[in-house]
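All values reported here derive from a predicted model rather than from experimental measurement.
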Amino acid sequence: MKVIISGGGTGGHIFPALSIADALRKRFPQVEILFVGAENRMEMEKVPAAGYRIVGLPVAGFDRKNLLRNFSVLKKLWQSMRLAKQTLKTFRPDIAIGVGGYASGPTLKVASRLGIPTLLQEQNSYAGVTNKLLAKRAECICVAYHGMERFFPKEKIVLTGNPIRPNLELDAGQRDEAYRYFNLSPHKKTLLVIGGSLGARTINQSVLANYHKLVQADVQVLWQAGKLYADDLRKQLAERGYTDLPLYDFITQMQYAYGVADVVVSRAGASSISELCQLGKAAVLVPSPNVAEDHQTQNAMALVNKQAACLITDADAPSQLVDEALKLLSDDALRQTLQTNARKLALPDAAERIVDEVERIVNIKK
């Protein structure tokens, strides 16, 4: 079997894609997998590091604020369609899988024109424009939320959940190891702050401005700040007398980070929410306002409506985020309620379910 997996841009697209690839390789050891991503984006580093080949397209997203800049975007889209066609004709996959992100549009569009079956993985509760356009010719659309028939043909939808990074759950004996790894105390409450793979300015600034409250409450903070923000945050914290913090550009050992976390502050990307549910973590979600159709707020509300998470808007975060996190850290009963309800919303084995659909589609083709 030959499979193309296309998409990326952020960890929210890349990690599910890698989980699908790993599940394919586990079930079909002889499978050939080729990734198609966007040049100069995160996938061009993360995918080869995971042991897979990748082709980069010059594709870029449309600039909604400055329409004149879109002439170059259209040129890059045309170039990407040509390169995608060349790649597909050379590799000759049995199926093309789109996980969202810039590269998935041209790749799956060309694949469907060439008669190659396509499968879409829609991670969010509000479908993206690209997937809505590609859905008409897709064989199957794997989703993580109920009610997605308002976006896609009902007969094509399969509820699989979102694949998450493997090995995120620690054994009981590994928690002490995790505390040692980050040089944290097992006797203090721990707040894990993650702004996604690239960081989140509002979350970082909100925690920085109110860091003294966390110190006064004797709460230890484990912080993934993002490579754009980490150095400046370290400098500002040092100026205030806070040094030697476990503050990272990017946390590679996320299983340890989740293992020590009593409460998690996070954006509301689909992958983050899937991880929080599967691990049963109490979370304060701060949806990004800079995403299409405000889909992160809708992702978050799917949990809030089930009393499985708390929500603070991006605008309210500077004044309310740290106070809400401290309230949750001090309220054991509420924290337990959120943890229990989050686990109820988890859809485990998502990657394996998606591979079930891949196998079904390829067998029909053959």
Side-chain angles (χ1 to χ4, degrees), residues 11 14-15 18-19 22 45-46 49-51 164-200 203-204 207-208 210-227 229-267 271-272 274-284 321-322 325-326 328-332 335-336 338-340 342-343 346 348:
I14 297 163
F15 296 131
L18 289 172
S19 294
D22 290 345
E45 174 192 342
K46 298 293 182 186
I164 67 170
R165 286 174 276 189
N167 307 316
L168 282 180
E169 208 143 8
L170 293 186
D171 298 331
Q174 291 180 290
R175 284 198 84 204
D176 289 340
E177 187 181 323
Y179 281 110
R180 287 194 299 273
Y181 181 85
F182 293 115
N183 197 26
L184 295 171
S185 168
H187 306 297
K188 291 184 179 183
K189 291 283 174 62
T190 304
L191 178 67
L192 172 61
V193 179
I194 44 177
S197 55
L198 303 176
I203 290 178
N204 287 336
V207 174
L208 175 67
N210 295 278
Y211 194 80
H212 61 284
K213 294 181 181 178
L214 295 161
V215 174
Q216 289 166 6
D218 202 26
V219 169
Q220 53 196 1
V221 181
L222 176 56
W223 198 340
Q224 177 179 285
K227 64 180 180 180
Y229 309 104
D231 287 342
D232 185 54
L233 285 169
R234 287 190 194 99
K235 182 181 175 184
Q236 292 191 62
L237 286 162
E239 288 171 354
R240 301 176 194 195
Y242 305 121
T243 56
D244 299 323
L245 296 173
L247 189 152
Y248 297 83
D249 298 18
F250 184 81
I251 299 174
T252 54
Q253 301 293 335
M254 275 306 295
Q255 72 277 24
Y256 284 169
Y258 281 129
V260 301
D262 296 288
V263 169
V264 181
V265 167
S266 174
R267 285 300 197 195
S271 290
S272 297
S274 295
E275 290 178 354
L276 293 167
C277 288
Q278 191 145 323
L279 298 172
K281 287 294 173 181
V284 182
L321 176 58
V322 167
L326 285 169
L328 191 50
L329 283 161
S330 64
D331 191 333
D332 293 344
R335 203 166 61 251
Q336 185 61 53
L338 297 185
Q339 291 168 352
T340 301
R343 277 198 182 274

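Considering only residues two or more places apart in sequence or on other chains, Asp331 meets the side chain to side chain contact (heavy atoms under 4.5 Å, CB included) condition with Ala333, Leu334. Remark: Gln220 engages Tyr179, Leu184, Ser185, Lys188, Thr190 in a side chain to side chain contact (heavy atoms under 4.5 Å, CB included) (not counting sequence neighbours). In terms of the side chain to side chain contact (heavy atoms under 4.5 Å, CB included) criterion, Glu45 has no residue partners (sequence neighbours excluded). Every salt bridge (charged side-chain N to carboxylate O under 4.0 Å, His left out) that Lys189 has, sequence neighbours left out, goes to Asp332. Applying the side chain to side chain contact (heavy atoms under 4.5 Å, CB included) rule to Thr340 yields the partners Gln336, Lys344; only residues at least two apart in sequence or on another chain are considered. When the salt bridge (charged side-chain N to carboxylate O under 4.0 Å, His left out) test is applied to Arg240, no partner is found at least two apart in sequence or on another chain.
Considering only heavy atoms from C-beta on, Leu237 comes within 4.5 Å of Leu208 through its side chain. Residues Gln253 and Gln255 have side chains in contact (heavy-atom distance under 4.5 Å, counting atoms from C-beta outward). For the pair Ile251/Leu192, a side-chain contact is recorded, criterion being any heavy-atom separation below 4.5 Å from C-beta on. Leu245 places none of its side-chain heavy atoms less than 4.5 Å from the side chain of Val221. Counting only heavy atoms from C-beta outward, the side chains of Leu279 and Ile164 never approach each other to under 4.5 Å. Between Leu326 and Lys213, some side-chain heavy-atom pair lies under the 4.5 Å cut-off. By the 4.5 Å heavy-atom criterion applied to side chains, Val207 and Leu191 are not counted as neighbours. Looking only at side-chain heavy atoms (C-beta outward), Tyr258 and Leu170 stay at 4.5 Å or farther from each other.
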Q. What do the steps show when you test Glu275 against Leu168 for side chain to side chain contact (heavy atoms under 4.5 Å, CB included), and what is the final call?
A. CA-CA 8 Å; Glu275 290 178 354; Leu168 282 180; 3.6 Å; yes
Q. So Val322 and Tyr211, side chain to side chain contact (heavy atoms under 4.5 Å, CB included) or not? Walk me through it.
A. CA-CA 8 Å; Val322 167; Tyr211 194 80; over 6 Å; no
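Nearest approach of Ala257 to Phe182, heavy atoms of both residues: N-CE1, 3.5 Å. What you find for Ile14 and Lys46 is that their closest heavy atoms are CG2-CB, 4.0 Å. Of all heavy-atom pairs spanning Ala230 and Ala225, the tightest one is CA-CB, 4.0 Å. The two residues Ala342 and Gly280 come nearest to each other via the heavy atoms CB-CA, 4.4 Å.
Separating the OG atom in Ser266 from the NZ atom in Lys281 is a distance of 13.0 Å, to the nearest 0.5 Å. Between the CD atom of Gln174 and the CD atom of Glu169 there is a distance of 10.5 Å, given to the nearest 0.5 Å. Residue Leu338 holds its CG atom at 5.5 Å from CG of Leu328, rounded to the nearest 0.5 Å. Arg335 CZ to Asp262 CG: the interatomic distance, rounded to the nearest 0.5 Å, is 5.5 Å. Atom CD1 of Ile194 sits about 10.0 Å away from atom CZ of Phe250, to the nearest 0.5 Å.
Looking at Asp249 and Arg234, a side-chain N of the basic residue comes within less than 4.0 Å of a carboxylate O on the acidic one, giving a salt bridge.
Under the 3.5 Å distance criterion, the side-chain polar atoms of Arg343 are matched with a main-chain donor or acceptor of Gln278.
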